Colleague: 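Before anything else, here's the structure in question.
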Amino acid sequence: MATIQKQKQITLRGSAQIVTEFFDFSINSILFQRAIYPPEDFKVVKRYGLNLLVNSDHAVQNYLKQIMSQIERWILARAISKLVLVITSLETRQVLERWQFNIHLESPAQPSTSSTTTTLKPAKVQPAQASQKTEKEIHAEIAAIMRQITASVSFLPMMTEPCTFNVLSYTDQDAEVPATWIDSDAKMISNAEQVKLRSFSTSVHKVDALVAYRLD
């Protein structure tokens with residue numbers, strides 16, 4: 001698990017680990033809350049001062065591990081700006097929900113002007129430096145987002161049909177993309193309702209989130 005040494009400035013690698021771990025727990029939590037898999041497929045893990053649910057199925061674990069490994073590489077390369085979890089109807093292939101996580105680099109980096117959306121195949125001006133945060137502060141911000149994900153069942157439409165999920169990444173045009181990832185459309189939802197979630201910052205990266213969903 002990602003950790004930050006006290007009194008030391010967080011590095012790009014350390015921040016990438018924190019952000020990637022957050023994505024992993026977020027996706028697992030969404031898969032549970034939206035009933036993509038049965039409750040018995042999940043186990044409880046303590047993190048961020050919360051009891052979080054993680055899928056224990058080996059196939060799902062391996063799939064998410066592949067995704068997170070590549071996401072961390074792209075974050076380290078400053079080559080990714082967005083991660084999107086898409087929930088789709090198994091029968092109609094209609095996109096029902098779209099959980100979007102925007103990744104902003106707060107430390108100096110050259111911005112990219114274009115991006116490509118991909119998905120894993122199933123099975124010189126210096127900006128101002130952000131103030132340094134403690135591990136406790138970062139975890140508190142992440143915990144607030146995890147609580148929002150848990151509370152999302154109170155406003156999101158009930159899932160009444162079997163669904164599947166996919167993960168999209170928005171990367172720079174010149175980013176190295178493994179052969180196991182393929183080009184994808186953005187899986188947008190027409191006339192979607194949107195709810196913005198909280199954000200968190202590591203002092204190197206800022207991540208904000210929103211969920212878009214279909215009402216009908």
Side-chain angles (χ1 to χ4, degrees), residues 1-28 30 47-48 63-86 98-121 124-135 137-142 144-146 166-188 196-212:
M1 293 183 176
T3 59
I4 308 170
Q5 293 183 343
K6 293 181 179 179
Q7 308 302 323
K8 288 189 178 181
Q9 183 174 350
I10 186 171
T11 63
L12 175 63
R13 183 172 296 278
S15 180
Q17 291 173 349
I18 292 170
V19 173
T20 303
E21 182 184 68
F22 162 73
F23 287 151
D24 194 10
F25 279 118
S26 295
I27 290 174
N28 273 282
I30 294 166
R47 189 61 171 153
Y48 314 125
Y63 180 64
L64 291 177
K65 185 177 180 179
Q66 288 182 64
I67 292 172
M68 294 306 136
S69 178
Q70 184 57 49
I71 294 301
E72 184 172 346
R73 291 191 194 100
W74 280 327
I75 294 175
L76 285 170
R78 301 179 176 91
I80 184 171
S81 61
K82 196 178 300 182
L83 184 74
V84 181
L85 173 66
V86 177
R98 195 174 184 276
W99 295 77
Q100 177 174 309
F101 300 91
N102 300 310
I103 308 164
H104 310 279
L105 190 63
E106 294 190 308
S107 62
Q110 188 68 28
S112 175
T113 57
S114 57
S115 65
T116 300
T117 307
T118 59
T119 183
L120 182 63
K121 296 177 184 178
K124 304 293 180 182
V125 175
Q126 301 292 323
Q129 291 284 347
S131 59
Q132 293 299 308
K133 288 186 172 181
T134 65
E135 182 182 61
E137 290 172 329
I138 296 170
H139 283 190
E141 291 181 356
I142 292 176
I145 303 175
M146 302 307 300
N166 206 350
V167 177
L168 310 180
S169 65
Y170 284 66
T171 60
D172 294 349
Q173 290 282 9
D174 57 354
E176 292 187 16
V177 179
T180 50
W181 290 70
I182 57 175
D183 288 341
S184 171
D185 64 89
K187 308 293 184 186
M188 302 300 292
K196 188 173 182 179
L197 306 181
R198 291 177 180 269
S199 63
F200 80 91
S201 168
T202 66
S203 301
V204 177
H205 295 98
K206 179 181 178 182
V207 177
D208 55 60
L210 66 85
V211 55

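Predicted model, so just to flag it, every value in this text is computed and none were measured. Excluded from the calculations below are hydrogen atoms, water molecules and symmetry mates; all remaining heavy atoms, backbone and side chain alike, are included.
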Colleague: Name the residue from Lys133, Gln132, Gln17 that meets the side chain to side chain contact (heavy atoms under 4.5 Å, CB included) definition with Ile10.
Modeller: Gln132

Colleague: Is there a side-chain contact between Ile142 and Phe25 in this structure, where contact means two heavy atoms from C-beta onward sitting under 4.5 Å apart?
Modeller: no

Colleague: Indicate the atoms forming the closest heavy-atom contact of Leu168 with Ala186, along with that distance.
Modeller: CD1-O, 3.6 Å

Colleague: Measuring only between side-chain heavy atoms, which start at C-beta, is Gln100 closer than 4.5 Å to Val211?
Modeller: no

Colleague: Below 4.0 angstrom, N of the basic side chain to O of the carboxylate: do Arg73 and Glu176 qualify?
Modeller: no

Colleague: Search all heavy atoms of Ile145 against all heavy atoms of Arg198 and return the closest pair with its distance.
Modeller: CD1-O, 3.6 Å

Colleague: Rounded to the nearest 0.5 Å, how far apart are OG of Ser81 and CD1 of Ile75?
Modeller: 11.0 Å

Colleague: With the side chain counted from C-beta on, respond yes when Trp99 and Leu197 share a heavy-atom pair under 4.5 Å apart, and no when they do not.
Modeller: yes

Colleague: Does the side chain of Val84 come within less than 4.5 Å of Lys187's, by heavy atoms?
Modeller: no

Colleague: Is any side-chain heavy atom of Trp181 less than 4.5 Å from a side-chain heavy atom of Ile67?
Modeller: yes

Colleague: Below 4.5 Å, heavy atoms only, C-beta onward: do Trp74 and Thr20 meet side chain to side chain?
Modeller: no

Colleague: Atom CD1 of Ile103 and atom CZ of Phe22: how far apart are they, to the nearest 0.5 Å?
Modeller: 10.0 Å

Colleague: Taking atom NE2 of His104 and atom OG of Ser199, what is their separation to the nearest 0.5 Å?
Modeller: 8.0 Å

Colleague: Distance check, rounded to the nearest 0.5 Å: Leu64 atom CG versus Phe23 atom CZ?
Modeller: 13.0 Å

Colleague: I want to check something: taking the side chain as every heavy atom from C-beta on, are His205 and Leu12 in contact at a cut-off of under 4.5 Å?
Modeller: yes

Colleague: Can you tell me how far CG of Leu105 sits from OG of Ser15, rounded to the nearest 0.5 angstrom?
Modeller: 8.0 Å

Colleague: Indicate yes or no: at least one non-hydrogen side-chain atom of Val86 is less than 4.5 angstrom from one of Val167.
Modeller: no

Colleague: When you look at Glu21 and Tyr48, which way does the side chain to side chain donor-acceptor pair (under 3.5 Å) test go after all the steps?
Modeller: CA-CA 11 Å; Glu21 182 184 68; Tyr48 314 125; 3.2 Å; yes

Colleague: Answer yes or no: is there a donor N or O on one side and an acceptor on the other, between the side chain of Thr202 and the main chain of Val204, under 3.5 Å?
Modeller: yes

Colleague: Which pair of heavy atoms, one from Met68 and one from Ile27, lies closest together, and at what distance?
Modeller: CE-CD1, 3.5 Å

Colleague: Quick check on side chain to side chain donor-acceptor pair (under 3.5 Å): which of Glu137, Lys206, Glu106 does Ser201 satisfy it with?
Modeller: Glu106

Colleague: Tell me every residue that passes salt bridge (Lys or Arg N to Asp or Glu O under 4.0 Å) with Glu72, counting only those two or more places apart in sequence or in another chain.
Modeller: none

Colleague: Within this structure, what is the NZ-OH distance for the pair Lys82 and Tyr170, rounded to the nearest 0.5 Å?
Modeller: 5.0 Å

